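In this text the structure is predicted, and so the values were computed from the model without any measurement.
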Amino acid sequence: MGTTPTAARRQGRGGRERILAAAARLFATQGINATGMEQVAEEAPVSKRTLYVHFRTKSDLVIAHLQDLASSGATLESSLTREDVPARERILGLFGQPSATTSPVRGCPFIDAAAEFPDVESAVHSYAREQKLRMVQLVSALVTELGCHDPGALAEHLVILADGAASRAMVLNDADYGRHGRAAAEILLDRALLRTA
């Protein structure tokens with residue numbers, strides 16, 4: 001008696017990767033809190049035992065999902081670390097269009113996670129906060145490299161624009177909405193550079 005394709009996949013390697021892929025799909029389409037661990041196991045497909053071997057709690061799964069997004073370059077923040085692109089274009093990359101495969105448009109996954117885990121002491125909220133603080137540090141380093149006046153304040157202004165544009169793109173389901181934030185960011189950068197000239 002042979003095994004079914006689903007049974008074979010359950011027995012095979014790569015369970016962690018399948019769990020993360022399933023979680024990413026489900027979190028994107030229905031939200032984190034609306035997605036149950038059993039549903040992730042079914043979607044993966046893996047046994048619940050396998051799921052809990054890899055991720056003891058849902059918070060562990062959510063943090064691993066966010067870490068996977070951050071390391072994959074699938075977030076807007078990934079433009080900030082591209083060493084093959086000039087500093088100014090790296091900053092303006094924050095306002096780029098989301099992946100063409102993303103439908104409906106999704107906002108910043110770190111903001112989404114913090115909103116779904118509002119307790120500021122929770123592990124998920126803390127991780128999201130760390131990523132948003134890292135974003136400011138990266139932008140601050142880039143505007144310092146450009147020689148802009150008051151880089152700390154300018155970095156805060158730019159990340160507020162980026163987060164706002166990403167949120168509005170999601171709410172309005174407009175993948176090109178970042179163009180408005182980019183136009184404002186260009187004005188801020190030009191003015192900051194003029195003040196240092």
Exercise. Can you find a heavy atom in the side chain of Glu121 that is under 4.5 Å from one in the side chain of Ser126?
Worked result: no
For this session: Might you work through the salt bridge (charged side-chain N to carboxylate O under 4.0 Å, His left out) test for Glu186 and Arg179, ending with a clear yes or no?
Result: CA-CA 10 Å; Glu186 288 178 329; Arg179 71 189 184 281; over 6 Å; no
Exercise. Quick one: CZ on Phe55 to CG on Leu61, what's the gap to the nearest 0.5 Å?
Worked result: 5.5 Å
For this session: Mind checking the CG-CG spacing from Leu94 to Leu80? Nearest 0.5 Å is all I need.
Result: 4.5 Å
Problem set entry | N-O pairing of Asp163 and Lys132 below 4.0 Å | yes
Problem set entry | Stepwise side chain to side chain contact (heavy atoms under 4.5 Å, CB included) check, Ile19 with Val46 | CA-CA 8 Å; Ile19 292 165; Val46 296; 3.8 Å; yes
Exercise. Taking side chain as C-beta onward, heavy atoms only, is Ser47 less than 4.5 Å from Thr50?
Worked result: yes
Seminar exercise, completed: Rounded to the nearest 0.5 Å, the CD atom of Glu145 sits from the CD1 atom of Ile91 at a distance of 8.5 Å
Exercise. Would Arg88 and Asp190 pass as an ion pair if we require N to O under 4.0 Å?
Worked result: yes
Problem set entry | Leu154 side chain near His149 side chain, heavy-atom distance below 4.5 Å | no
Exercise. Any side-chain heavy atom of Tyr127 sitting closer than 4.5 Å to one from Val62?
Worked result: no
Seminar exercise, completed: Closest heavy-atom pair, Cys148 versus Pro151, reported as atoms and distance to 0.1 Å, is O-CD, 3.7 Å
For this session: Taking the side chain as every heavy atom from C-beta outward, state whether Thr29 and Thr35 have any atom pair closer than 4.5 Å.
Result: no
For this session: For the residue pair Ile32 and Phe117, establish whether any side-chain heavy-atom pair is separated by less than 4.5 Å.
Result: yes
For this session: Check whether Leu66 and Met170 end up in the same hydrophobic cluster, where Ile, Leu, Val, Met, Phe, Trp and Tyr are linked by side-chain heavy atoms less than 4.5 Å apart.
Result: no
For this session: May I ask you to decide if Ser140's main-chain N or O and Thr144's side chain share a donor-acceptor pair within less than 3.5 Å?
Result: yes
Problem set entry | Closest contact, heavy atoms only, Ala114 versus His125 | O-ND1, 3.2 Å
For this session: Tell me whether Leu51 is reachable from Leu26 by hopping between hydrophobic residues (I, L, V, M, F, W, Y) whose side-chain heavy atoms are closer than 4.5 Å.
Result: yes
Exercise. Quick check: does any side chain N or O of Glu43 sit under 3.5 Å from a backbone N or O of Ala22, one acting as donor and the other as acceptor?
Worked result: no
For this session: Check the hydrophobic clustering (I, L, V, M, F, W, Y; side-chain heavy atoms under 4.5 Å; chains of links allowed) and say if Tyr177 and Leu92 are grouped together.
Result: no
Exercise. Can we say Arg134 and Glu77 salt-bridge, meaning some charged N sits less than 4.0 Å from an Asp/Glu carboxylate O?
Worked result: no
For this session: Establish, from distance only, whether the side-chain atoms of Thr75 and Ser78 form a donor-acceptor pair under 3.5 Å.
Result: no
Problem set entry | Closest contact, heavy atoms only, Gln131 versus Ala70 | OE1-CB, 4.2 Å
Exercise. Mind checking whether Leu133 and Arg129 have side chains closer than 4.5 Å, heavy atoms only?
Worked result: yes
Exercise. Do the side chain of Asn173 and the main chain of Val105 share a donor and acceptor less than 3.5 angstrom apart?
Worked result: yes
For this session: Using only heavy-atom distances, determine whether the side chains of Ser79 and Arg82 contain a donor-acceptor pair under 3.5 Å.
Result: no
Exercise. Quick one: does Leu161's side chain get under 4.5 Å of Leu188's, heavy atoms only?
Worked result: yes
Seminar exercise, completed: Rounded to the nearest 0.5 Å, the CZ atom of Arg49 sits from the NE2 atom of His54 at a distance of 9.5 Å
Exercise. Quick one: CZ on Phe95 to NE2 on His180, what's the gap to the nearest 0.5 Å?
Worked result: 12.5 Å
Problem set entry | Atom CZ of Arg25: over 12 foreign heavy atoms under 6.0 Å | yes
Seminar exercise, completed: So CD1 of Ile111 and CZ of Arg106: to nearest 0.5 Å the spacing works out to 14.0 Å
For this session: Any chance you could lay out the side chain to side chain contact (heavy atoms under 4.5 Å, CB included) test for Lys48 and Met37, step after step, and finish with the verdict?
Result: CA-CA 8 Å; Lys48 284 191 286 183; Met37 292 292 269; over 6 Å; no
